[in-house]
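Note sheet for the following structure.
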2 protein chains.
Amino acid sequence: MPGPRFTLDRSSPVPLYFQVAEQFERAILDGSIAPGERIDNEVSLAADLGLSRPTMRQAIQVLVDKGMLVRKRGVGTQVVHGKIRRSVELTSLHDDLSAAGQQPHTEVIAVGKVPADEDVARELQLSRGADVWSLERLRFVDKQPLALMHNFIPVDVVDLDAVDLAETGLYAHLRDCGIVMRVARQRIGARGATVDEGRLLRERKGAPLLTMQRTAYDNAGRAVEYGRHAYRPDLYAFELTLVDR
Amino acid sequence: MPGPRFTLDRSSPVPLYFQVAEQFERAILDGSIAPGERIDNEVSLAADLGLSRPTMRQAIQVLVDKGMLVRKRGVGTQVVHGKIRRSVELTSLHDDLSAAGQQPHTEVIAVGKVPADEDVARELQLSRGADVWSLERLRFVDKQPLALMHNFIPVDVVDLDAVDLAETGLYAHLRDCGIVMRVARQRIGARGATVDEGRLLRERKGAPLLTMQRTAYDNAGRAVEYGRHAYRPDLYAFELTLVDR
DNA sequence: CATGTCAATATGTCAGGACAAAGGCTTGAC
DNA sequence: GTCAAGCCTTTGTCCTGACATATTGACATG
């Protein structure tokens, strides 16, 4: 618990509490602080670094939210475990795979304007039959088909024409257009593959697929994207870390 | 934004920030504050209620974490959307269903001590072959089989003999024994049903099933439970709300 | 030996103030 | 008319200080 000496850069634009949290996280991940070990109390940690207790507390809170630390009143704060897999976040599969060092490859199957069906209209808060962008893509990893993705986007959100979606990824393009997604509702389920899905994903009809539907909302609470995706369950799964607060 | 008048009870043991958060949440859920609407700024809200700004800020943060509010620096804080389905939490299926007003019914298929296989040993941080409790249950809703649950628990965590697990639910029993689960890692996937699973869940062999594996850790970072579950995807799905912070 | 009490310790909550940074709006120069 | 500078509002970060409450362990008591 004397722990590695943390360094603070007060001239950096990075908030102090975040600098501390980052270094703490590294120390936990690389094993400098063992799981189960108690860290110093907030007051002395703050004093060591020349911070106020609320700032130190805020730094610790970041890691508590991530599930790496656990507070116990009257006792102290302990490391729960070192290896925390990345939890489900508001990112796209493209980001996920790129970050994992894999070589994703995307094939655009179809893109164009279509009238919204009942599902799409409800999720995007539009009237049924309204025009929406429809985008179907097939994602590969190592030449193997991994996911079939069908996205719907209101036409007034962004223009999808003449965009190289095979390269950039949908979410990256939306970000570039100034669309900021803040909240999303996801629903994860399973079902058998249709004939078309089977052909594209190289599975037989009826083979189990992992499905995910996601509706994403921007700053203003406007629904900006609805996606229905199907994954090959032998190649993909969702991992998440739950924290009881 | 003048908003409903909130009431504070300073003699209550419930923290002030939590009282405010609760009443705010109710106002959002019942539509008193419409989605997209901006709420008052933190300073004046705090002044209205006779609170300090940090306390008011903490109250708002609770709802930001839930995905109901979105902050924008220099602009204000907005309601994103009213209806937030419960996100995935550190609770059991039994709790989930009870809360939903359904009538869950559980059948214990098998319970006893077994040697840990490779998976179980790794997840529970035990040596292979060590004795663990094995508990297989089948859960029904409205007489329909919904989930097949297989849990493993280290023998030194709790005694599972002579417990009516059909009634109480596993997690409730663990809570009663003083086991507090703080963090859990989940992995959600899909696969085809085995013959045995098909028989119990009344599906044919190879029918798509939604699967979830969960390892739960207690305060000390000790793995206290590992579960492999299979759900009928026509009756169950995982919903979660993601928030970008 | 069991049990209740008390003190030490650590986190939980709350107040009040200060300045920084970002977004939106107005104003002014060109 | 357009674009940039500057002002205002609002949230973001950080400080100091205080008291409340839960946990643990030592100690006294039955």
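A note on names: the letters A, B, ... follow the listed sequences, proteins ahead of strands, and every chain is numbered from 1.
Ionic pairing of A/R71 and A/E42 is present here: one or more N-O contacts between side-chain nitrogen and carboxylate oxygen are shorter than 4.0 angstrom.
Distance CE (B/M56) to P (C/dT13): 16 Å, rounded to an integer number of Å. Residue A/Q78 contributes atom CD, which lies 13 Å from atom C1' of D/dT23 at whole-angstrom precision. Atom-to-atom, CD of A/E42 to P of C/dT13 comes out at 11 Å; the value is rounded to the nearest Å. Summarising the geometry, the separation between CZ on B/R73 and P on C/dA20 is reported as 13 Å, rounded to the nearest angstrom. Look at CG on A/D40: it is 14 Å from C1' on C/dT11, rounded to the nearest Å. In this structure, B/L16 atom CG and D/dA18 atom P are separated by 20 Å, rounded to whole Å. Note: CZ (B/R38) to P (D/dT9) measures 12 Å, nearest angstrom. Rounded to an integer number of Å, the gap from B/I60 CD1 to D/dT11 P is 7 Å.
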- Message: ring-ring contact (aromatic ring centres under 6.0 Å, His included), that's the test. Do A/F238 and B/F238 meet it? Break it down for me.
- Response: CA-CA 11 Å; A/F238 294 95; B/F238 294 95; 9.9 Å; no
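A parallel orientation is assigned to the rings of B/F152 and B/Y226, their planes being inclined by less than 30° (bins at 30° and 60°).
Residue B/Y17 places at least one side-chain N or O under 4.0 Å from the OP1 or OP2 atom of C/dT13. Within the 4.0 Å cut-off from OP1 or OP2 of D/dC15, at least one side-chain nitrogen or oxygen of A/R10 is found. At D/dG12, one or more side-chain N or O atoms of B/R57 fall inside 4.0 Å of OP1 or OP2 (strictly under the cut-off). Phosphate proximity of D/dT11 to B/T77: present, with a side-chain N or O under 4.0 Å from OP1 or OP2.
In the model, B/R228 has no side-chain atom that pairs as donor or acceptor with a side-chain atom of B/Q213 under 3.5 Å.
Mapping A/S52 and A/G74 onto DNA chain D by nearest heavy atom places A/S52 at the nucleotide closer to the 5' end. Taking for each of A/P54 and A/R71 the nucleotide of DNA chain C with the nearest heavy atom, the 5'-most of the two is the partner of A/R71. Residue B/R53 is the one, among B/R53 and A/G50, whose nearest nucleotide of DNA chain D lies closer to the 5' end (criterion: closest heavy atom).
Contacts of B/P13 with the nucleic acid, taken as non-hydrogen atoms under 4.0 Å apart, are absent. The residue A/T55 sits close only to the backbone: its heavy atoms come under 4.0 Å of sugar-phosphate atoms, none of a base.
The nearest pair of heavy atoms linking A/Q125 to A/A223 is OE1-N, 4.0 Å.
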